[in-house]
Amino acid sequence: MKNTLIIGAGGVGGVVVHKCVMNKAVFGTITLASRRLESCQKIADQLPAGAIGIAQVNADHTDEVIALIQKTKADIVINVALPYQDLAIMDACIATKTPYLDTANYEHPDLAKFEYKEQWARHEAFQKAGVMALLGSGFDPGATNVFCAYAQKHYFDTIETIDILDCNGGDHGYAFATNFNPEINLREVSANGRYWENGKWVETKPMEIHFTWDYPEVGEKESYLLYHEEMESLVKHIKGLKRIRFFMTFGPSYLKHMEVLQNVGMLGIEPVEHKGQKIIPIEFLKTLLPDPASLGPRTVGKTNIGIVAEGMKDGKRRKIYLYQVKDHQECYREVKSQAVSYTTGVPAMIGAMLMLQGAWSGQGVFNMEQMNPDPFMDALNAHGLPWQMVELA
Ligand code: NDP
């Protein structure tokens, strides 16, 4: 019987817990830990009594995580807290020789910048500990990386270009709200854009490059070029790639709010003095905005996330679109969450399942596309995220 420790009782954490409980034969005894015990209790209350254990932990402190891993005898740690906690939790896993999985790469709280450098730097330490760390097992990063690996393995000899297309066609009825942690979301979309072409990164202004794409089951949406973390590992691992870009859809109301908030300084990450107290504007904004976990019951519509890949197969040019569509209300009925948390939490559960079952194994730090994509793609179909592939040319 395995022991599973999940850290982070937010929107994504809730989905991971529900899905692990549905697959208890794999995950065994499940403990959900978070900074506030009441966040864990809220999720535990959605489940049959005794389905999970709960615990309080401040995952910024490696020693607290070590103590919890030892107490729960965890066979795996699923980190769905915030990116700020990644390194402290990874270090606890190294110290206790415990496999590790997360869904987002490390961010320093004081720098609006994210990169894999510090997590990759722990490769040798994980090797020495003899265990695996799997980075970015959400949807994007996560399923999108596996889509690229699957396309590489089954549809192409060489992939030349990849566009990752992320559309949330959901409507929550608020003038402005974010679908996952507002601080992380707003930091991501207000930063300069960046894409990779002919061996180097090209920087753009925020929202400078955009085009209209017709998303199956959602419709036409304006899609904006952003920097997104999975590109950093994909350019290393997809051989022969000439260009990779990432696009996300935003509605006019979202963009107008973003522009105003930016102009008045509400997206700032530096502390400002307010009536004798120091406050960080973006943290205060998070307090004002709806909690993403509360959007579930009111969000209608669908998400559609996928990749368009172009390259050569058997001497012929080929272009494919591999995508996944998910309905917000269907997610809510199943696990009391909207589709953005669902499409992140299910791949986290699947990655952990493949690690516990030994289908994905290794010693060191790995990104998703380094693993055999086949069992993951099968599991997406089996656990609520069926995907489709169409030929575009
Ligand atoms: P939420 O803000 O809803 O949840 C984060 C949770 O982490 C909260 O419950 C919070 O605890 C907990 N937490 C924060 N700090 C600590 C700490 N120091 N110690 C322990 N627990 C802590 O975020 P989401 O659920 O939306 O996102 C979770 C993760 O998933 C993030 O890293 C996000 O970037 C990532 N993500 C990845 C996606 C992908 O496709 N790859 C897409 C969307 C999100 P508490 O409530 O107890 O205070």
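All ligand and atom numbering here is 1-based and tracks the order in the structure. Computed from a predicted structure; not experimentally measured.
Checked by atom type, the side-chain pair Glu220/Thr212 shows no donor-acceptor distance below 3.5 Å. Side-chain polar atoms of Asn145 and His237 form no donor-acceptor pair below 3.5 angstrom. Counting only N and O atoms by type, the side chains of Trp120 and Asn367 include a donor and acceptor under 3.5 Å apart. A donor atom on one side chain and an acceptor atom on the other are not found under 3.5 Å apart for Glu64 and Asn58. Side-chain contact check for Asp102 and Gln119: at least one donor-acceptor pair (N or O, by modelled atom type) lies under 3.5 Å. In the model, Thr204 has no side-chain atom that pairs as donor or acceptor with a side-chain atom of Tyr227 under 3.5 Å. When only modelled atom types and interatomic distance are considered, Asn304 and Gln324 share no side-chain donor-acceptor pair under 3.5 Å.
Ring geometry, Trp387 versus Tyr150: the interplanar angle exceeds 60°, so the pair is classed perpendicular (tilted spans 30 to 60°).
Residue contact check: Val57 has heavy atoms under 4.0 Å from atoms 19 (N), 20 (C) of ligand 1. Those atoms of ligand 1 with a heavy atom of Ala59 less than 4.0 angstrom away are 17 (C), 18 (N), 19 (N), 20 (C). Here is the list of ligand 1 atoms found below 4.0 Å of a heavy atom in Asp60: 18 (N). Counting atoms of ligand 1 from 1 in the listed order, those under 4.0 Å from a heavy atom of Ala9 are 9 (O). Set against the non-hydrogen atoms of Ser39, the atoms of ligand 1 under 4.0 Å away are 45 (P), 46 (O), 47 (O). Using a 4.0 Å cut-off to heavy atoms of Gly11, the atoms of ligand 1 that qualify are 3 (O), 25 (O). When each atom of ligand 1 is checked for a heavy atom of Gln85 under 4.0 Å away, the hits are 14 (C), 15 (N), 16 (C), 17 (C), 18 (N).
In this structure, Gly136 does not count as a contact residue of ligand 1, since none of its heavy atoms falls inside 4.0 Å of the ligand. Ligand 1 has Pro141 within reach: a non-hydrogen atom of the residue lies less than 4.0 Å from it.
With hydrogens left out, the protein atom closest to atom 22 (C) of ligand 1 is Arg35 CB, 3.8 Å, a heavy atom. With respect to atom 23 (O) of ligand 1, the closest heavy atom belonging to the protein is Asn181 CB, 3.7 Å. The protein heavy-atom contact nearest to atom 33 (C) of ligand 1 is Ala104 CB, 4.2 Å. Distance from atom 6 (C) of ligand 1 to its nearest protein heavy atom, with residue and atom name: Gly10 N, 3.8 Å. With respect to atom 5 (C) of ligand 1, the closest heavy atom belonging to the protein is Leu82 CD2, 3.8 Å. If you check which protein heavy atom lies closest to atom 18 (N) of ligand 1, you get Asn58 OD1, 3.0 Å. Counting protein heavy atoms only, atom 38 (C) of ligand 1 is closest to Thr344 CG2, 3.3 Å.
The nearest pair of heavy atoms linking Leu32 to Ala9 is CD2-CB, 3.9 Å.
In this comparison of Ile7, Val12, Asn145, Val65, the heavy atom closest to atom 25 (O) of ligand 1 sits on Val12.
In this structure, Phe176 has its ring center under 6.0 Å from that of Tyr254.
Looking at Pro83 against ligand 1, both its backbone and its side chain come within 4.0 Å, counting heavy atoms. Residue contacts with ligand 1 for Ala81 involve both N, CA, C or O and side-chain atoms from C-beta outward (heavy atoms, distance under 4.0 Å).
Remark: Glu160 does not engage Lys319 in a salt bridge, criterion side-chain N to carboxylate O under 4.0 Å. Electrostatic pairing of Arg122 and Asp91 counts as a salt bridge here, judged by a charged N lying under 4.0 Å from a carboxylate O.
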